[in-house]
Amino acid sequence: MAEAERAEEAGGEPTISREKTAEELKEQANEYFRVKDYDRAVQYYTQAIGLSPDTAIYYGNRSLAYLRTECYGYALADASRAIQLDAKYIKGYYRRAASNMALGKLKAALKDYETVVKVRPHDKDAQMKFQECSKLVRQKAFERAIACEQHNRSVVDSLDIEGMTIEDEYTGPQLKDGNVTIDFMLELMQFYKDQKKLHRKCVYQMLVQVKDILSKLPSLVEISLEKSQQVTVCGDTHGQFYDLMNIFHLNGLPSENNPYIFNGDFVDRGSFSVEVIVTLFGFKLLYPAQFHLLRGNHETDTMNQMYGFEGEVKAKYSAQMFQLFSEVFQWLPLAMCVNQRVLIMHGGLFSEDGVTLDQIRSIERNRQPPDSGPMCDLLWSDPQPQDGRSSSKRGVSCQFGPDVTRRFLEENGLDYIIRSHEVKPEGYEVSHNGLCVTVFSAPNYCDQMGNKGAYIHLNGSDLKPKFHQFEAVPHPNVKPMMYANSLLQMGMM
């Protein structure tokens, strides 16, 4: 009997034929991966797995594609499955370590690097990653200890901002009598376009003032639009300063008559995050009642340490300034409600039914977000097309279906939700039968996704979302993730 016939299973094609087809699918997936079409790569790796579900390398490859699309929960599951199938599959340990790094789980990542070093004691790359991760774990432990000691103290307590000297050779913008003015903002934006750095004294002054404003806001901010009024809602901007400037060029500068809502994730990944956040904070100071900022999952220490904002602030200013940014981020509101009808948050809805607007109002937000619960969900969750809930592709919070959205809206007397948090090819997406709108305002995200950006106009007369798309604009030759954690970047390779 031929080998293929011996291997044939009842009702199926020969095993050898399936394995050959699976290999061909893997090669097609690899090709899509090479041209950065990661979603298509995932599809083909998934088909290969369907034909040959016990092949570790297929899960390892799909894990890397998931890493590139920020589906860290799925990446972690695939890497773990690859190791389960083949304990000697070294790439599986690398992938799992990278997934855990992306989720800020440094000790779990260290354990996998340690395994690789034991198997390959002379591998310089493995040794380097193990040592780097060990250093990070020790650093974070030290920072936690310091944070416990200084829990009730602000960075501001140890600063003498007024005593800081602005040197004669500094020719950039300065606050007038300590206050932001429109002239200051116009000069600042041009200064930033020319790749110059605002004086640290000005940044500190702005941070102290914006912290004071934000700390007086509720966790759920509520605004009313008259029938003749309009507000612009923007999604993630992720340190893409020149694209932010393009939004203002296309849609007008913020003003008392041109209000904005920026829905979180102002920083990380893009390497002009300082410029983005200082500009946004400047407009918050100039128009506190018309310019609104909500917290995203990247306005958190864990994300900033991995994805670049901490490194960027340290490179351009100091570790002390990053600590103050962190304090300010903790006071960013978590959600907004427009005319008691449209709820806006960065991530999405909740892991459990029954959450009310009053519960959102009562969230104690001045902290790093917990791993679960309403605050975590508002920053991290994603919609899914099928009813019910499922585990998050990101490894944090959940995914929620159309039925979850419908029940939440009915129970709270709302029309629909606007959220951000996900790249969309067109810059926006309407899902859940029109009840869930996603807007994303970082075009050609990370200089590689090719997506459009979008923003939304909400008019007080009908509150129906009107979408405006835009393309990416050129920026100076400073690559995204330039300040990100080097170990995380290597793990994505």
Side-chain angles (χ1 to χ4, degrees), residues 1-103 105 108-109 111-120 123 125-126 129 382 384-386 388 390-395 399 423 448-449 488 490-493:
M1 188 183 292
E3 185 179 351
E5 291 172 345
R6 284 199 305 271
E8 189 173 352
E9 296 176 5
E13 61 179 305
T15 301
I16 291 173
S17 171
R18 286 207 311 278
E19 289 177 351
K20 183 174 179 234
T21 305
E23 272 298 299
E24 290 168 352
L25 287 166
K26 183 200 80 172
E27 290 305 318
Q28 284 180 282
N30 289 349
E31 192 53 44
Y32 281 121
F33 187 95
R34 273 190 284 273
V35 297
K36 299 179 180 177
D37 189 344
Y38 302 122
D39 290 335
R40 197 77 62 88
V42 165
Q43 290 174 21
Y44 278 82
Y45 288 135
T46 301
Q47 289 179 42
I49 287 168
L51 290 172
S52 184
D54 296 329
T55 305
I57 192 170
Y58 298 166
Y59 292 94
N61 285 10
R62 190 172 69 174
S63 176
L64 186 57
Y66 278 139
L67 278 168
R68 293 289 180 88
T69 54
E70 302 182 24
C71 297
Y72 304 128
Y74 290 172
L76 184 62
D78 271 358
S80 298
R81 178 62 178 151
I83 293 165
Q84 185 182 23
L85 289 168
D86 182 359
K88 294 180 180 178
Y89 178 55
I90 295 299
K91 282 186 180 178
Y93 294 97
Y94 277 125
R95 301 282 184 267
R96 191 163 70 180
S99 303
N100 278 312
M101 286 282 296
L103 291 165
K105 298 177 180 177
K111 192 174 178 183
D112 280 331
Y113 286 132
E114 189 175 15
T115 300
V116 176
V117 166
K118 284 178 181 173
V119 174
R120 295 182 174 177
D123 186 326
D125 179 64
K129 286 177 177 170
D382 294 295
Q384 64 180 20
Q386 69 274 26
S390 62
S391 298
S392 170
K393 61 188 178 185
R394 301 174 189 268
Q399 293 174 189
V423 186
Q448 67 177 33
M449 297 304 288
L488 176 70
M490 286 185 285
M492 301 287 187
M493 302 302 286

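Just so you know, these numbers use all the heavy atoms, side chains as well, and skip hydrogens, waters and symmetry mates.
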- Quick one: CZ on Arg95 to CG on Asn61, what's the gap to the nearest 0.5 Å?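 It comes to 7.0 Å.
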- Message: How long is the straight-line distance from CG of Leu64 back to NZ of Lys91, given to the nearest 0.5 Å?
- Response: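 The distance works out to 9.0 Å.
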- Message: Any heavy-atom pair between the side chains of Lys26 and Tyr45 that's under 4.5 Å?
- Response: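 With C-beta onward as the side chain, the pair touches.
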- Lys129 and Tyr94, any side-chain heavy atoms less than 4.5 Å apart: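 Side-chain contact under 4.5 Å: yes.
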Minimum heavy-atom distance [X]-[Y], with the two atoms named:
X: Ser391; Y: Tyr74; value: O-OH, 4.4 Å
X: Tyr93; Y: Ala87; value: OH-O, 2.8 Å
X: Ala109; Y: Asn100; value: N-CB, 3.9 Å
X: Ala56; Y: Asp86; value: CB-CB, 3.8 Å

- Query: Taking the six-membered ring for Trp, are the ring centroids of Tyr72 and Tyr66 within less than 6.0 Å of each other?
  - Reply: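 No, ring centres 6.0 Å or more apart.
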- Query: Does Ser80 use its side chain to pair, donor to acceptor, with the backbone of Leu76 at less than 3.5 Å?
  - Reply: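 Yes.
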- Message: Check whether Thr21 reaches the backbone of Ser17 with its side chain - one donor and one acceptor, N or O, closer than 3.5 Å.
- Response: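 The answer is yes, because a donor-acceptor pair under 3.5 Å joins these two groups.
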- Between Glu31 and Arg34, does at least one N-O distance fall below 4.0 Å, as a salt bridge requires?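 So Glu31 pairs with Arg34 through a salt bridge.
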- Item | Pair Lys111 + Glu114: basic N to acidic O under 4.0 Å |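 Glu114 and Lys111: not salt-bridged.
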- Check: Ser52/Arg18 side-chain N/O donor and acceptor closer than 3.5 Å: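 Their side chains do not contain a donor-acceptor pair, so the 3.5 Å distance test is not met.
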- Query: Any chance the side chains of Glu24 and Tyr44 put a donor and an acceptor closer than 3.5 Å?
  - Reply: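 Side chains of Glu24 and Tyr44: no pair found under 3.5 Å.
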